Colleague: 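Before I ask anything, here is the structure I am working with.
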Number of protein chains: 2
Amino acid sequence: MLNDRYQMLFKNLMGLYLSDGKPVGSNTLSKLPEVALSSATVRNVLADLEKMGFLHSPHTSAGRVPTDKGYRLFVDTLLTYQEPSKVHEQDLRQRLSVDLNQDRLLQEASKLLSGLTGMASLVMLPPKTQEKLQQVDFLMLSARRILVVLVFGDQDVQNRIVELDREIQSDQLQKLANFLNQQCLGLSLVQAREKLSSAVEQNQLQGDFPYSSLLKSTDDLLSRQLSDRQSLVVSGKTNLLDYQEFADSQKLKRIYHAFNQQQGLLELFDKSLQAPGLKVFIGSECGNEVYQGCSLITRPYAVEDEVLGVLGVIGPSRMNYQKVVPQVDLTGKILSSLLKK
Amino acid sequence: MLNDRYQMLFKNLMGLYLSDGKPVGSNTLSKLPEVALSSATVRNVLADLEKMGFLHSPHTSAGRVPTDKGYRLFVDTLLTYQEPSKVHEQDLRQRLSVDLNQDRLLQEASKLLSGLTGMASLVMLPPKTQEKLQQVDFLMLSARRILVVLVFGDQDVQNRIVELDREIQSDQLQKLANFLNQQCLGLSLVQAREKLSSAVEQNQLQGDFPYSSLLKSTDDLLSRQLSDRQSLVVSGKTNLLDYQEFADSQKLKRIYHAFNQQQGLLELFDKSLQAPGLKVFIGSECGNEVYQGCSLITRPYAVEDEVLGVLGVIGPSRMNYQKVVPQVDLTGKILSSLLKK
DNA sequence: TCTAGCACTCCCCTAGCACGAGTGCTAAAT
DNA sequence: ATTTAGCACTCGTGCTAGGGGAGTGCTAGA
């Protein structure tokens with residue numbers, strides 16, 4: 001669609017712009033050895049590229065800057081990636097080979113990625129709605145203090161200590177645990193909650209001792225598992241302070257606020273969840289005007305072909321895609337392989 | 001030490017400066033109804049106050065600004081506080097009356113405080129070194145998957161799922177749990193770890209089944225409880241973006257970095273831990289030059305006269321002490337009363 | 001002891017100007 | 001038919017000069 005010369009010039013312009021951040025003019029380009037054209041010729045090309053919507057002049061005498069569409073072109077067709085070295089891969093893999101539960105591991109990966117790229121990194125944690133309740137247990141700490149333990153997935157446990165208002169016998173406790181396990185085992189969290197409340201209503205559990213606070217805690221823990229966690233975790237927010245794109249602290253604050261709200265980003269991550277492979281969202285493609293001038297790179301992670309979630313980085317559109325894209329990809333790959341176990 | 005008129009003028013100057021942030025000149029002051037002095041007289045006083053080190057002129061014709069020493073004077077002897085309303089107190093108390101474990105409650109209080117004050121809020125969590133191990137339990141999820149549970153304080157539980165490389169019988173598991181409870185119960189975390197490792201060395205536990213990975217996990221959990229948590233938790237960092245004192249993003253980044261390192265702050269919190277009541281650290285008193293222009297307000301929180309930790313806020317020295325100080329105090333008070341239970 | 005007056009200093013804003021970088025257009029050269 | 005050289009033009013930037021304003025210290029008089 002784009003003539004060789006046009007591509008070549010555009011690519012060179014992007015290179016200069018990405019490294020300097022200043023608008024690039026025809027003179028600068030024509031002086032490059034690989035260009036070998038007069039500035040006048042370059043000007044004609046640049047004017048065309050501007051008409052096509054790939055470039056933009058901040059003002060009459062200020063050289064050109066890529067538009068979002070220009071970035072899109074660059075990322076889609078002109079960009080070549082640097083494969084990260086094996087050593088680097090080994091290093092990453094080792095840093096993530098810590099014995100952590102799933103959520104912690106994901107957060108660790110996010111931190112690592114933000115450090116690597118010097119930008120903010122995001123992880124969408126796997127949704128827990130489909131998770132099955134595996135086991136309910138009551139541990140007797142004393143006659144009145146009971147530890148309620150709920151086991152869900154692989155490394156996923158919720159617990160809480162309950163103070164009863166009168167004493168309870170260990171066999172009563174056992175009976176309750178047995179009952180709950182019988183009723184709720186293998187149910188999804190939502191189902192388990194329904195079962196629980198219907199059991200209470202039908203008075204199947206009305207005894208002469210305080211089941212109720214135990215049941216309430218069980219229910220609380222189920223609901224906490226369902227809701228009380230951010231599905232989107234952000235690390236390295238402070239890295240964004242380094243870019244003059246975000247020098248305006250009000251703009252930065254809006255971005256941080258948008259991170260907290262999660263709105264908008266979740267949809268993008270969902271898109272990325274559907275399609276395999278790496279995705280780049282540029283500026284307006286991020287769907288929210290606060291992300292103007294930002295790009296988001298996402299990649300799903302999976303365990304044995306089942307996609308669990310998405311991780312990614314966000315930073316100024318003027319970023320080193322050549323380096324960052326492979327880093328995101330690699331981190332996602334390593335993460336997927338480590339989650340396998 | 002300071003003449004009435006001097007005090008009066010200084011206090012008025014502080015009031016104007018705190019609300020406007022601009023250097024205050026003799027004219028502005030002399031026009032205040034409560035001053036009723038000519039600008040020339042005011043000038044003489046200001047010149048004296050400057051010689052004494054309470055004020056400072058940014059440049060020849062720019063009015064005066066308080067020095068750290070000036071802030072100190074203001075906070076120590078001139079400041080009168082606005083008591084927060086009962087309604088407000090009720091509101092706060094209610095927001096914190098959620099059923100959470102101790103650490104979570106403290107973090108919640110910190111969040112609340114940062115929202116209230118519009119600055120960053122810090123909490124020093126109670127140290128866990130003195131905590132006693134209350135109970136060790138192994139829950140059998142399947143013949144090879146064991147949930148290791150360690151119970152510490154009131155609402156403090158650590159757990160992890162361990163995959164064994166061969167099957168284990170429930171009575172073996174029971175035996176191990178009994179042994180550990182016998183040996184380690186009521187010991188401090190450090191002592192418990194020692195006991196554990198010596199038991200392993202003395203081969204008291206060498207059986208024909210895989211105790212070792214269970215013991216290793218137990219030890220891991222103990223050490224995690226000891227170390228793997230930030231003793232200083234910060235919330236509302238982004239609030240600081242609103243102050244032009246922190247418009248320089250590099251300065252802000254250094255501050256955030258200092259938050260992460262915790263160095264310096266911990267010492268101050270320790271000081272506050274020793275002495276009862278509220279403390280204000282101003283500028284250079286914060287001990288680290290990155291906190292230049294910042295003030296830190298701290299207050300210990302306690303349970304039944306036993307001081308557990310400290311909470312506080314940090315923001316620009318030019319803050320509304322009249323409002324913020326009582327807020328910190330109140331939050332600490334409420335926190336202390338809620339932790340009682 | 002206070003105050004009015006005055007000379008002085010320094011910041012800040014604006015206008016003006018020259019300069020440089022970059023542009024579009026046109027006409028000549030290849 | 002391209003490419004290039006040349007030219008007029010635009011616009012941001014940096015520098016300088018100058019006026020206005022806010023504030024000061026000092027002095028002399030009330």
Side-chain angles (χ1 to χ4, degrees), chain A residues 2-10 12-67 70 244-245 247-248, chain B residues 2-10 12-67 70 244-245 247-248:
Chain A
L2 225 55
N3 174 332
D4 272 5
R5 167 177 295 173
Y6 279 54
Q7 288 203 11
M8 183 270 286
L9 280 172
F10 183 75
N12 276 298
L13 183 145
M14 280 302 289
L16 289 172
Y17 181 67
L18 288 184
S19 69
D20 283 7
K22 283 179 298 195
V24 182
S26 54
N27 247 313
T28 326
L29 275 172
S30 82
K31 275 184 205 133
L32 289 181
E34 58 270 52
V35 171
L37 289 170
S38 80
S39 66
T41 314
V42 174
R43 270 204 291 286
N44 288 327
V45 177
L46 295 190
D48 282 357
L49 286 171
E50 182 159 2
K51 271 182 214 128
M52 290 186 246
F54 297 118
L55 294 178
H56 164 77
S57 290
H59 59 85
T60 337
S61 67
R64 259 83 173 197
V65 155
T67 60
Q244 78 259 54
E245 276 90 342
D248 174 11
Chain B
L2 224 56
N3 175 333
D4 272 3
R5 166 177 297 173
Y6 279 53
Q7 288 200 13
M8 183 272 286
L9 280 172
F10 183 75
N12 277 298
L13 184 145
M14 280 303 287
L16 289 172
Y17 181 68
L18 288 185
S19 70
D20 283 8
K22 284 178 297 196
V24 182
S26 55
N27 246 313
T28 325
L29 274 173
S30 81
K31 276 184 204 134
L32 288 182
E34 58 269 50
V35 171
L37 289 170
S38 79
S39 65
T41 314
V42 174
R43 271 204 290 286
N44 287 327
V45 177
L46 296 190
D48 282 359
L49 286 170
E50 180 158 2
K51 269 183 216 126
M52 290 185 245
F54 297 118
L55 294 177
H56 165 76
S57 290
H59 59 84
T60 337
S61 67
R64 259 82 172 198
V65 154
T67 59
Q244 77 257 62
E245 275 90 341
D248 174 11

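Quick note on labels: first sequence line is chain A, next is B, and so on, each numbered from 1. It should be emphasised that the depicted structure is a prediction, and the values quoted were computed from it without experimental measurement.
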Colleague: For B/K22, does its backbone N or O pair with a side-chain atom of B/D20 as donor and acceptor, under 3.5 Å?
Modeller: no

Colleague: Of B/P58 and B/A36, whose nearest nucleotide on DNA chain C comes first from the 5' end?
Modeller: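 The answer here is B/A36.
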
Colleague: Rounded to the nearest Å, what distance is computed from the CG atom of residue B/L46 to the P atom of nucleotide D/dT24?
Modeller: 6 Å

Colleague: Less than 3.5 Å between a donor and an acceptor, one on the side chain of A/R64 and one on the base of C/dG24, is that the case here?
Modeller: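 No such pair is found, so the answer is no.
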
Colleague: So which one's nearest nucleotide on DNA chain C is more toward 5', B/L37 or A/A47?
Modeller: B/L37

Colleague: Measuring from the side chain of B/S26 (C-beta onward, heavy atoms only), which nucleotide among D/dT24, C/dG5, D/dC11 has the closest atom?
Modeller: D/dT24

Colleague: Specify the separation, in whole Å, of atom NE2 of B/H56 and atom P of D/dT24.
Modeller: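 Distance, rounded to whole Å: 13 Å.
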
Colleague: In whole Å, what is the span from the CZ atom of A/R43 to the C1' atom of D/dT4?
Modeller: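 Value for this atom pair: 10 Å.
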
Colleague: Within this structure, what is the CG-to-C1' distance between A/N44 and D/dT4, rounded to whole angstrom?
Modeller: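 Nearest whole value for this atom pair: 10 Å.
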
Colleague: Would you indicate which nucleotide in C/dG20, D/dG21, C/dT3 comes nearest to any side-chain atom of B/S38?
Modeller: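 Nucleotide nearest to B/S38's side chain: C/dT3.
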
Colleague: Go through the N and O atoms of the side chain of A/T60 and the base of D/dC11, and report whether any donor-acceptor pair is under 3.5 Å.
Modeller: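 When only heavy-atom distances are counted, A/T60 does not reach the base of D/dC11 through any donor-acceptor pair under 3.5 Å.
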
Colleague: In whole Å, I'd like the distance from the NZ atom of A/K51 to the C1' atom of C/dG24.
Modeller: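 My rounded result for the distance is 10 Å.
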
